[in-house]
Amino acid sequence: MASPLKSLVIDDNRYQKSFQLFLERSSEHQCMQDFIHNTLPDILASIGDGKSHLNVIGVGSGAGEIDLEMLSQLRLKHPGVTVDNEVVEPSSTQLHQYKVMVSQKPNLDYIKCTWNKMTSSEFEEQWRVKKMTKKADFIHMIQMLYYVKDPGATIEFFQSLLDKKGKLLIILVSGESGWGKLWRTYRSQLCHTEISQCVTTGDMKSFLDSKGVSYQSYELPSQMEITECFTEGDEKGELLLDFLTEVLDFSNTASPELKAGVLELLQHPDCSKESNGKVIFNNNLEVIVIDPQT
């Protein structure tokens, strides 16, 4: 039977609201910042092969804060380079915020941005139709492989665009996170395979291992407070539940059994811990860094 549940991503306004609340409640951006400042520089040091111009592609770049952090680290490792920054982002709201930030931030003259308001599959199609031969030195796909039909094929396409010293960086929720447990348990009821996938780094590493692709991985500890999810009718709790399940208006559209099961699992020690009367969800992320095809 087809699920009556609708995917959260079809309502961009509610998705953006729940995403902003998620960012406020979680240490997601903080753990990414730590990675970008402490680990990424060494990864970026090896790209480029001494070139004075680098090509970067950001897939699902959102409002660009994380992109610009990474580009500033790139600049520190490769002083004097110019950067061609292809931005791929389907949300006009996010893309607008990115453009505003670029126009207001000083010292970005070395970056030339090309704005692609489209999904990664539309970008892939356009790239093939135009028979593009340009190679990329650094491609990043942060928290976006949930929104493609075939995450494995998407990785293979972008890996094929890497120059010989290039790096493809992927960030997803860890297979060991609360998300992993939630999705393994309720994948068939929550996941809309056409629009959003319940995919973790565990799935992606299995895929890469099966293809014999070499990669490095880095665990990023992160957490998120979800206490309000357990208060019936709490507006913020409902937004957080939408984000956790990727379901639009989950509280009011899920069956009572599914809702009770999800809420019970969210409090389970495999997903969360209790601290000072608050429920803290395991939001651990993992970074996978892939080399060019040999």
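Quick note: numbers below take in every heavy atom, side chains included, and nothing from hydrogens, waters or symmetry partners.
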Exercise for the section: Please check if the distance between the ring centroids of His96 and Tyr98 is under 6.0 Å. Expected result: no
Exercise for the section: Using distance alone, with no hydrogens and no angle criterion, decide if Gln267 and Glu274 have a side-chain donor and acceptor under 3.5 Å apart. Expected result: no
Problem - Short N-O contact, Asp163 and Lys51, less than 4.0 angstrom - result: yes
Problem - Donor-acceptor contact below 3.5 Å, side chain Asn284 vs main chain Pro221 - result: no
Completion exercise
Smallest heavy-atom separation, Asp137 atom then His53 atom, equals OD2-O, 4.1 Å
Problem - Polar side-chain atom of Ser272 near backbone of Leu266 as donor-acceptor pair, under 3.5 Å - result: yes
Practice task
Return yes if some donor-acceptor pair links the side-chain N/O of Thr227 with the main-chain N/O of Val279 below 3.5 Å, else return no.
Solution key: yes
Handout entry: Ser177 side-chain N/O to Val173 backbone N/O, donor-acceptor pair under 3.5 Å
Key = no
Fill in the blank from the handout: On a heavy-atom basis, the closest approach of Ile111 and Cys113 is CG2-SG, 3.8 Å
Handout entry: Rounded distance (nearest 0.5 Å) linking atom CG of Leu168 with atom CZ of Phe158
Key = 8.5 Å
Exercise for the section: Return the set of residues passing side chain to side chain donor-acceptor pair (under 3.5 Å) with Asp84 (not counting sequence neighbours), or none when no residue passes. Expected result: Lys134
Practice task
Classify the side-chain pair Glu89/Asn116 by whether it contains a donor and acceptor separated by less than 3.5 Å.
Solution key: no
Practice task
For Asp42 and Thr39, indicate whether the former's side chain and the latter's backbone hold a donor-acceptor pair under 3.5 Å.
Solution key: no
Problem - For Glu124, all residues meeting side chain to side chain donor-acceptor pair (under 3.5 Å), sequence neighbours excluded - result: Arg128
Problem - Side chain Glu225, main chain Arg25, donor-acceptor under 3.5 Å - result: no
Completion exercise
Residues Gly175 and Thr201: closest non-hydrogen pair is N-OG1, 3.4 Å
Atom pairs and distances, donor-acceptor, side-chain atoms in residues 71-80, under 3.5 Å, two or more places apart:
unit_1: Ser72; atom_1: OG; unit_2: Glu69; atom_2: O; d: 2.8
unit_1: Gln73; atom_1: NE2; unit_2: His37; atom_2: ND1; d: 3.1
unit_1: Arg75; atom_1: NH1; unit_2: Val81; atom_2: O; d: 2.7
unit_1: His78; atom_1: NE2; unit_2: Leu44; atom_2: O; d: 2.8

Exercise for the section: Please name the pair of heavy atoms, one in Met144 and one in Val59, separated by the smallest distance, quoted to 0.1 Å. Expected result: CG-O, 3.2 Å
Exercise for the section: State which residue, out of Tyr15, Trp179, Trp183, fulfils the ring-ring contact (aromatic ring centres under 6.0 Å, His included) condition with Tyr146. Expected result: Trp183
Handout entry: SB check Glu176 Lys181 (cutoff 4.0 Å)
Key = no
Exercise for the section: Specify the closest pair of heavy atoms between Glu65 and Met101, including all atoms of both residues, with the distance to one decimal. Expected result: N-CE, 3.4 Å
Completion exercise
Ser61 meets the side chain to side chain donor-acceptor pair (under 3.5 Å) criterion, sequence neighbours left out, with Asp67
Exercise for the section: Answer yes or no: is there a donor N or O on one side and an acceptor on the other, between the side chain of Glu264 and the main chain of Gly261, under 3.5 Å? Expected result: no
Exercise for the section: Answer yes when Asp203 and Arg187 have at least one side-chain N-carboxylate O distance shorter than 4.0 Å, and no when they do not. Expected result: yes
Handout entry: N-O pairing of Lys278 and Glu228 below 4.0 Å
Key = no
Exercise for the section: Taking all heavy atoms of Tyr147 and all of Glu246, pick out the closest pair and write down the distance. Expected result: OH-OE2, 3.3 Å
Handout entry: Contacts of Gln16 that satisfy side chain to side chain donor-acceptor pair (under 3.5 Å) - sequence neighbours left out
Key = Asp12, Ser91, Gln94
Problem - Polar side-chain atom of Lys165 near backbone of Gly48 as donor-acceptor pair, under 3.5 Å - result: no
Practice task
State, without any angle test, whether Ser222 and Ser27 hold a side-chain donor-acceptor pair at a distance under 3.5 Å.
Solution key: yes
Problem - Lys135 side chain vs Ser160 backbone, donor-acceptor pair below 3.5 Å - result: yes
Problem - Pair Glu219, Ser174: side-chain N/O donor-acceptor within cut-off below 3.5 Å - result: yes
Exercise for the section: Evaluate the side-chain proximity of Lys167 to Ile290: yes if any heavy-atom separation is below 4.5 Å, no if none is. Expected result: no
Practice task
Using ring pair (Phe, Tyr, Trp, His ring centres under 6.0 Å) as the criterion, list what pairs up with Tyr186, not counting sequence neighbours.
Solution key: none
